[in-house]
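Order of the sequence lines fixes the chain letters, A, B, ..., with proteins taken first and strands second; residue numbering starts at 1 for each chain.
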Amino acid sequence: MEAPGESRDAAASLRAAGAGPGSPVAVAWAPDGVGLAHEGTAVWQRGDGVAVVRRVLHELRPRLTWWSAADALPLLSGGVRVPSSWDVAATHRLVAGGSAGHPGTVWAAARGLAAGHLPRTGQLDLLGGLADGQGGHGHDDPVDAHDPVRPDGYLRPDWAETGPPDAVAAAAWARAALEVAAAHRAVLAALPDPRRDPPAPALAELTAWSESAAEVLAVELGETGLPVDRATALALVEERAGPRPADAAEAAATRAARDAEVRDLVRGAADVDLRNPAQVRDLLHRAGIDVPDTRSWRLEPFRTAHPVVDALLRWRKAERVATTYGYAWLDRHVGADGRLRGTWTGCDGAAGRMTASAGLHNLPAELRPAVAAEPGHVLVRADLGQVEPRVLAAVSGDQDLAAATAGPDLYAPVAGRLGCDRATAKIAVLAAMYGQTSGTAGEALAGLERAYPVAMDHLRAADASGRAGRHVRTYGGRLVRMWHLENPEPAAVSARGRFARNAVVQGAAAELFKMWAVTVRAALPPGAQVVLCLHDELLVHAPAAAADEVVALLHECLRRTAARWAAGSGVRLVADVSVVTRWSDAKG
DNA sequence: GATTTCACGTA
DNA sequence: CGTACGTGAAATCC
């Protein structure tokens, strides 16, 4: 491997090395410049790294590779249109499962090195030497100050922690990312394509591209934020939690008044701490209500038994807003520009859904009127209709279930086939996908087995795999790991079965959704941005004049995504799209 | 001070 | 009709 070379024109150097349209070029940033790599060639250039990459993109039209989508941030901030990219961390999560993404972990996994021996920062001197020239403590292997790999094969932890120290190191760092990407491609290429009629590229590779783009979208969502009408938000909070307290004493008084509405309904309950479940249970007991715990679904049937139950449940709702979604929450997460910002991940540790902090994914419906388009703009809200049963039809290859996706409502034809009503059919399908433990879907469930044996076998196979502790792979190739059970009690074994059964459906649905979302993102007109991803729902903030265009785009992007993702399955995927001013205006 | 339990919001 | 996630408060464990 050649040492990285300095370049005055990185684009020309990369072109000389064979880079061109669509070819992989890795990027790594350093404080003093940028490193770039194509195949075995690594170059570095000092100065404005963003300008260098902008020029490389313009002249070569390559596909970028990076250790993680955090490397997209300088480009996004610099207003550079980020093209399709390959995210080494995201692809690691796809091929290996889990939520890891640190370069050291990813490198070790790709090289087959034991994760238990991963070096940490500060240990480098024990294993061969330091970059600053302090000795090797008797070891024979000299450590190249610009080699990202240590003599023992692991990646140097100091660079992984803080990034390469300079542009020379960044070039080698970029080349190392390319090496991992090549290893991942080989793993993905060996996975079978589950589609009946697979067009190129193979589904697992397509998924890797999509997941990579989803990571960029996650970074972008964290920057963009969700538009919030602060006045409405404050009004909604005030209705539920009272006026904003001026000081701690006032806050305590408001709280005490709220507590009193519940305590006053039961004799001798003046000192009960309503935030303490054990004390609440005692209070209910004094009111003649005996419950094993105080969860709201358990208390619901007792709403009419004693007024304290209704008061308590209403208190809980108000308390939720006051503590979790109150003034402190608005102060912490809504910026001066009226954008609610949280931290996004492109995939969680389990089946691969996106996650978001700052309450973005669990905002109570009653606060949704506060999510509003800015002046001159609209919110285009779109969600995938009945996505999980449609996904089940696609991933299992069940032609009869696929036939049921032809219309807008999948459950009607299923009910016809089963000879039951629609509501029963819906419960049966959901019970099959999620592995019911209670309730009475019995007869309809047996009907499903007869009518759609291919889909039901697919679910049963996943369930059996989970019970046995064998990992499963989703349709797009994501490894979903099963955990070891010290003492495999039946309850734990069947919980693992339900987890696996759910993961193959939920995980595939997440892959489909992300592919749709990133296709939409790449096609949006100027001024329009994706502002929220919610598992099967997309929210786009767009100039009012572009509303119709965005609506058409959401449908068209789903058509294009389905043509690749569900090629040959005969499954129809549908989106419900509406143009609104406030999120709450859309039907849910 | 860190971890666990309970509770509850979203899909 | 089950899974997943993030959150806050109180209890629990050092």
Side-chain angles (χ1 to χ4, degrees), chain A residues 99 226 240 255 259 272-281 291-300 312-326 328-329 332-333 342-368 371 381 383-389 391-392 423-442 444-445 448 459 462-463 466 472 474 480 494-510 513 532-539 583 588:
Chain A
S99 57
L226 183 67
R240 288 157 182 79
R255 228 170 71 151
D259 293 1
V272 170
D273 180 357
L274 296 174
R275 293 155 196 84
N276 181 328
Q279 292 189 32
V280 169
R281 193 166 163 261
V291 280
D293 60 64
T294 71
R295 289 179 166 84
S296 58
W297 62 267
R298 209 186 280 285
L299 297 183
E300 199 59 50
L312 175 66
L313 292 174
R314 283 188 291 108
W315 177 91
R316 285 243 177 96
K317 256 184 141 45
E319 180 76 0
R320 168 72 45 185
V321 173
T323 56
T324 307
Y325 300 103
W329 171 71
R332 214 172 12 247
H333 301 297
T343 305
W344 288 77
T345 70
C347 84
D348 63 34
R353 281 180 164 188
M354 297 179 86
T355 67
S357 68
L360 283 157
H361 272 180
N362 40 9
L363 195 70
E366 53 186 347
L367 295 186
R368 289 188 179 190
V371 177
R381 175 196 172 279
D383 73 280
L384 298 175
Q386 301 173 337
V387 63
E388 291 190 332
V391 161
L392 173 61
T424 306
K426 180 174 177 175
I427 287 173
V429 169
L430 295 174
M433 284 191 296
Y434 302 149
Q436 80 160 53
T437 56
S438 63
T440 50
L445 213 45
L448 277 183
L459 293 169
D463 197 301
V472 295
T474 63
V480 180
S494 59
R496 210 167 51 184
R498 278 197 307 278
F499 172 73
R501 179 188 283 261
N502 185 257
V504 296
V505 177
Q506 190 188 99
F513 173 81
L532 189 73
C533 292
L534 191 44
H535 307 318
D536 66 353
E537 182 174 351
L538 259 180
L539 216 50
W583 191 14

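Side chains of A:Leu274 and A:Glu319 form no contact here, defined as non-hydrogen atoms less than 4.5 Å apart.
Protein atom CG of A:Leu313 is 8 Å distant from nucleotide atom P of B:dC8, rounded to whole Å. Rounded to whole Å, the distance from CG on A:Leu539 to C1' on B:dT10 is 14 Å. A straight line from CG of A:Leu430 to P of C:dG2 spans 11 Å, rounded to a whole angstrom. Taking atom CD of residue A:Glu366 and atom C1' of nucleotide B:dT10, one finds them 13 Å apart after rounding to whole Å. Protein atom CZ of A:Arg353 is 16 Å distant from nucleotide atom P of C:dG2, rounded to whole Å. Rounded to an integer number of Å, the gap from A:Arg498 CZ to C:dT3 P is 4 Å. Distance A:Asn502 CG to C:dG2 P: 11 Å, rounded to the nearest Å. A straight line from CZ of A:Arg298 to C1' of B:dC8 spans 15 Å, rounded to a whole angstrom.
Heavy atoms of A:Ala365 sit under 4.0 angstrom from primed sugar atoms or phosphate atoms, though from no base atom. Using a 4.0 Å heavy-atom distance criterion, A:Leu360 is classed as making no nucleic acid contact. A:Ala503 comes within contact range of no nucleotide atom at all, as no heavy-atom separation falls under 4.0 Å. Among the atoms of the strands shown, only primed sugar atoms or phosphate atoms (P, OP1, OP2) are found under 4.0 Å from some heavy atom of A:Ala350.
Here A:Met354 contributes atom CE and A:His361 contributes atom NE2; the two are 7.0 Å apart, rounded to the nearest 0.5 Å. For the atom pair A:Glu388 CD and A:Leu392 CG, the distance stands at 9.5 Å (nearest 0.5 Å).
A:Ser296 has a side-chain polar atom (N or O) that falls below the 4.0 Å cut-off from OP1 or OP2 of B:dC8. Distances shorter than 4.0 Å separate some side-chain N or O of A:Arg332 from OP1 or OP2 on C:dG8. For C:dA11, the OP1/OP2 oxygens have a side-chain nitrogen or oxygen of A:Asn276 closer than 4.0 Å.
Minimum interatomic distance between A:Asp273 and A:Val280 (heavy atoms only, all atoms of both residues): O-CG2, 4.0 Å.
A heavy atom lying under 4.0 Å from DNA chain B marks the following residues of residues 315-322 of chain A, by number: A:Arg316, A:Lys317, A:Arg320.
Although no hydrogens or angles enter the test, the distance criterion places a donor-acceptor pair under 3.5 Å between the side chain of A:Arg496 and the main chain of A:Gly466. For A:Arg501 (side chain) and A:Ala432 (main-chain N/O), a donor-acceptor pair under 3.5 Å exists by modelled atom type. Between the side chain of A:Trp329 and the backbone N or O of A:Ala358, at least one donor-acceptor pair lies under 3.5 Å. Here the side chain of A:Arg498 pairs no donor or acceptor atom with the backbone of A:Tyr434 at under 3.5 angstrom.
Of the two residues near DNA chain C, A:Ala356 and A:Ser494, the one whose nearest nucleotide lies more 5' is A:Ser494.
Residue pairs satisfying the side chain to side chain donor-acceptor pair (under 3.5 Å) criterion with at least one member in residues 342-351 of chain A, sequence neighbours excluded, are listed as follows: A:Thr345-A:Thr355.
Residues A:Arg353 and A:Asp536 are not paired through a salt bridge, judged by the lack of any N-O separation under 4.0 Å between the basic side chain and the carboxylate.
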Grab the N/O contacts between the protein and nucleotides 4-6 of chain B below 3.5 Å, and write none if there aren't any.
none

